[in-house]
Structures are given as C-alpha cells and as structure tokens.
K.L.:
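Mind having a look at this structure? Questions to follow.
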There are 2 protein chains.
Amino acid sequence: MSMKSKSTSELKASIHRVEEICKSNKLGLTEIRKQVFEIIVKNNKPIKAYEILDTISNINNKPSHPPTVYRAIDFLIENGFVHKLNSINSFVGCFHPKAHKECYFLICKKCNIYQECCDDSLKDRISKTAIHNNFVISNTTLEIEGHCLDCSQK
Amino acid sequence: MSMKSKSTSELKASIHRVEEICKSNKLGLTEIRKQVFEIIVKNNKPIKAYEILDTISNINNKPSHPPTVYRAIDFLIENGFVHKLNSINSFVGCFHPKAHKECYFLICKKCNIYQECCDDSLKDRISKTAIHNNFVISNTTLEIEGHCLDCSQK
DNA sequence: CATTGCAATGTTATAACATAACATATATTA
DNA sequence: TAATATATGTTATGTTATAACATTGCAATG
C-alpha cells in the first residue's frame, strides 16, 4: 500500500458520499460544513484548524473566526467524516465514513502524507486488550509516526 | 487488572529507578527535572503542564515559567521516564522506563486514572501493520479512552 | 588557575490551539 | 405566525507550547 495522494475521482466520491449520508440521515450539511470538509479532504495531508480558517476566509473573501471552523470540525468528527490526529493537532478526511468511528493512522513525518490503516486484526487486538483489562472503550487514538516507503528510500 | 492508584512503595521504587538509570547513563537528573518527575508520578492521574508549573512554583515558593517545565518534561520523555497523552494534553509517569519507548494506555474518562498496557501481542500487531504498509515507525501513540471497571459499575 | 565551552536554567514575549458567552439569523413545525 | 430549535457571527479570552536571548554553573583543556 503506497501513501500517494488521492485522485480527483476519489475526492469527488468522498464528497458525494458525505452528501448522501447527510441527506439520508437528515444531518444539516450546511455551506460552511461542506466547505470545511472539502478543504480538509482536498488537502491530502493533515491540515491545521487555522490553515482551514485562512483558506475559508480567502474563499469567501471575508474573515472567518475560529469558532466557525471548530464548530464545523466538531460536526464532521461527530459524524465520522473527519478524524483528528492528536499527536500533530491536525485534521484529516475519512475515506470510510460510517464504516467505523475508530480509525488508525500511519503518518509520514517527512512528506506528511498519511494513510488510514483500518486493519481488523489490529482492531481485534485492541478490543481484546480492553476486555482483558475490564475496560469499556469509547474512543481510540492510534497514530503511528515514522517514514513511508518513498521517504525512507530517499 | 485494576486501575487503582500506585502505592507509596511503588512511587519510591519508580523514583529510585529513574535515579539509577540516570546515574548509570550519565544523564543529568537535575533538581528541577527530579521535581517535575516526582510531581508527575505522585499525581497518579495524568497531569497538565500548567498544573506542574503551579505545583513547582508552590514548592519552591517562587514563580516558575513554562519553558522550565516544558524543558524538564522534554528531558523526561526523551529518556522514557514520562509519556505524553496527546488526546488530553497531559503527562504521566512511566513505570517501565527503558523497557520500552512506546507505551499504550487505557484512560478512564470518569475517574481519570490511567493504566499502562504494554501488551506484546498488541505491539506485534502494530509492527506488523507498519511492515505491511512498508512503514518505518519512529513513534506510536495509542490511547484508549473509556471507562474502567469501577466506573462502569457505578 | 584562568578561559573556554557547554549544558541547564531564567526571563520576557509571543505563537499556536481552542472555547466561553452572548447576539443574531435561519429553518422547522405547532 | 409565533415558538422553538439549530446554526452562525462576533468579541473576548482561556489554554497549551515555544522562540529568543541572557545568565549561571561547572567541567575540560591549555
């Protein structure tokens, strides 16, 4: 599995998927929320809240404010369209929305490109670990930082 | 495995272990670094940088500044004595220093007590996932949030 | 035993990340 | 259409973290 960036068609599909899910679940995909989602998925690398803020201010040709962006992000995370990478305070689009709330990531420190790795056996292992500790999981953060194939060959 | 807090003797042992490791590795365990480590391990729950700052200011009866605390934390993390929980911007002492750089955590959202879970099969699974993706790991963050046995029974 | 170099700390300021609180607007529905 | 809920605008501020440069203390070297 390479860490190359998403194709235009993948991006379109991803945006369309979110629209469909919102429609069928009566979730208010407002203009701002849609803009923020598009900015995130099109970025191809993890993006920071204030970068989104700048981008959206430019697009709309008027300044936006942090709460606007953070609220949109909250909505998108809430519904599984976006994930937060806590180790780098950044956000990424999810290419498997509704398939899972939890998602695991490989993040290349050099090129910054990331890869979702929704590995079932990993998922199993984590849930077994939790069970073994009598622990009820509500949220899992798994972020693996390092170097992708391309960058480690350079 | 319960999530009860550490005993006094465990704390002492943990501090002593760090002292020994620093001595034998010629690491400068200065007064400030030692104070910060003790504050973190004695806290028993994840502690925030600015809480450490307040505590240390009180202990020494004079104000300390953020860089002082963050530098000490950096040193402690660098050497595996302390871990950062990125999902809650907090720090915890490591009870297995030098045994590993990576450490996985169960964090109870209710009582805030945490548990290191250095499960080998989990470790294996993660490294297999990385290999499968041709990825060279430099750092792993695995934080499992939820409820511990005690708290989920209440 | 100066002096030079280095590691650690002190200090000031500010950058980066995030939310509280309240006002306003827009959509929904009784 | 009034009442309610949902979303957004706006101002201010809270929280987390680091840059940059000055100072100190101590160990190695000439």
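In what follows, chains carry the letters A, B, and so on, assigned in the order in which the sequence lines appear, proteins first and then strands, with residues in each chain numbered from 1. Side-chain atoms are counted along with the backbone in the values below, which use heavy atoms only and exclude waters and symmetry mates. Given the structure is predicted, the values throughout are model-derived calculations rather than measurements.
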K.L.:
Does B/Ile144 offer a backbone N or O that forms a donor-acceptor pair with the side chain of A/Thr140 under 3.5 Å?
P.N.:
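No; judged by distance alone, with no hydrogens or angles, the pair does not exist.
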K.L.:
Within the 4.0 Å heavy-atom criterion, would you say B/Lys84 contacts the bases, only the backbone, or no part of the nucleic acid?
P.N.:
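Counting heavy atoms under 4.0 Å across all strands, the contact made by B/Lys84 is with sugar-phosphate only.
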K.L.:
Of all the nucleotides listed (C/dA18, C/dG10, D/dA17), which has the minimum atom distance to the side chain of B/Thr68?
P.N.:
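Ranking C/dA18, C/dG10, D/dA17 by closest atom to the B/Thr68 side chain puts C/dG10 first.
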K.L.:
Given atom OH of B/Tyr70 and atom P of D/dT18, what is their separation to the nearest angstrom?
P.N.:
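My rounded result for the distance is 7 Å.
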K.L.:
Whole angstrom is fine here: how far is it from CD1 in A/Ile73 over to C1' in C/dA18?
P.N.:
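Checked: the CD1 to C1' distance equals 10 Å.
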K.L.:
Just the rounded figure in Å: distance from P of D/dT8 to NE2 of A/His65.
P.N.:
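About 14 Å, once rounded to whole Å.
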K.L.:
For B/Pro63 and A/Pro66, find the nucleotide of DNA chain C closest to each by heavy atoms; which residue's nucleotide sits nearer the 5' end?
P.N.:
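So the residue in question is B/Pro63.
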K.L.:
Is the backbone of B/Asn86 close enough, under 3.5 Å, to the side chain of B/Glu143 for a donor and an acceptor to pair up by distance?
P.N.:
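It does hold such a pair.
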K.L.:
From the options D/dG9, D/dA17, C/dG10, select the nucleotide whose nearest atom is closest to the side chain of A/Arg71.
P.N.:
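So the side chain of A/Arg71 is nearest to D/dG9.
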K.L.:
Between C/dA25 atom C1' and A/Glu31 atom CD, what is the distance in whole Å?
P.N.:
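To the nearest whole Å, that distance equals 16 Å.
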K.L.:
When you get a sec, tell me which of D/dT8, D/dA17, D/dT18 is the closest nucleotide to the side chain of B/Phe91?
P.N.:
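From the listed options, D/dA17 comes nearest.
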K.L.:
Consider only side-chain N and O atoms of B/Asn60 and B/Gln35, and report whether a donor and an acceptor are under 3.5 Å apart.
P.N.:
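B/Asn60 vs B/Gln35: donor-acceptor pair found between side chains.
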K.L.:
The side chain of A/Thr30 lies closest to which of these nucleotides: C/dA8, D/dT8, C/dG10?
P.N.:
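So the side chain of A/Thr30 is nearest to D/dT8.
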K.L.:
Classify the nucleic acid contact of B/Arg33 as base, sugar-phosphate or nothing, counting any heavy atom under 4.0 Å across all strands shown.
P.N.:
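Touches sugar-phosphate only.
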K.L.:
Measure the distance from NZ on A/Lys26 to P on C/dT29 and round it to the nearest whole Å.
P.N.:
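Rounded to whole Å, this separation is 9 Å.
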K.L.:
Can you measure B/Ile52 atom CD1 to D/dT15 atom P for me and round it to whole angstrom units?
P.N.:
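My rounded result for the distance is 16 Å.
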K.L.:
Considering only D/dA19, D/dT10, D/dT16, which nucleotide approaches the side chain of A/Pro67 most closely?
P.N.:
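When the side chain of A/Pro67 is considered, D/dT10 is the closest of D/dA19, D/dT10, D/dT16.
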K.L.:
Judged by atom type as modelled, is there a donor-acceptor pair below 3.5 Å linking the side chain of B/Ser138 to the main-chain atoms of A/Glu145?
P.N.:
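Indeed, once roles are kept as given, a pair shorter than 3.5 Å links the two residues.
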K.L.:
It should be established whether A/Lys48 places a side-chain nitrogen or oxygen under 4.0 Å from OP1 or OP2 of nucleotide C/dC17.
P.N.:
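Yes, because at least one side-chain N or O of A/Lys48 sits under 4.0 Å from OP1 or OP2 of C/dC17.
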K.L.:
Between B/Asn89 and B/Ala72, which is nearer to the 5' end of DNA chain C once each is assigned its nearest nucleotide?
P.N.:
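Nearest nucleotide further toward 5': that of B/Ala72.
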K.L.:
Expressed in angstrom and rounded to an integer, what is the separation of B/Ile56 atom CD1 from C/dA8 atom P?
P.N.:
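Spelled out: CD1 on B/Ile56 to P on C/dA8 is 16 Å.
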K.L.:
Distance criterion of 3.5 Å, no angle test: do you see the side chain of B/Tyr50 paired donor-to-acceptor with the base of D/dA17?
P.N.:
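Side chain to base: pair found, below 3.5 Å.
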K.L.:
Would you find a donor on one side and an acceptor on the other, under 3.5 Å apart, between the side chain of B/Asn43 and the backbone of B/Ile39?
P.N.:
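No, the answer is negative, given that no donor and acceptor are paired below the 3.5 Å cut-off.
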K.L.:
Would you mind reading off the distance between B/Asp74 atom CG and D/dA19 atom P, rounded to a whole angstrom?
P.N.:
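Value for this atom pair: 10 Å.
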K.L.:
Nearest of D/dT11, C/dC17, D/dG9 to any side-chain atom of A/Ile32?
P.N.:
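Side chain of A/Ile32 sits closest to D/dG9.
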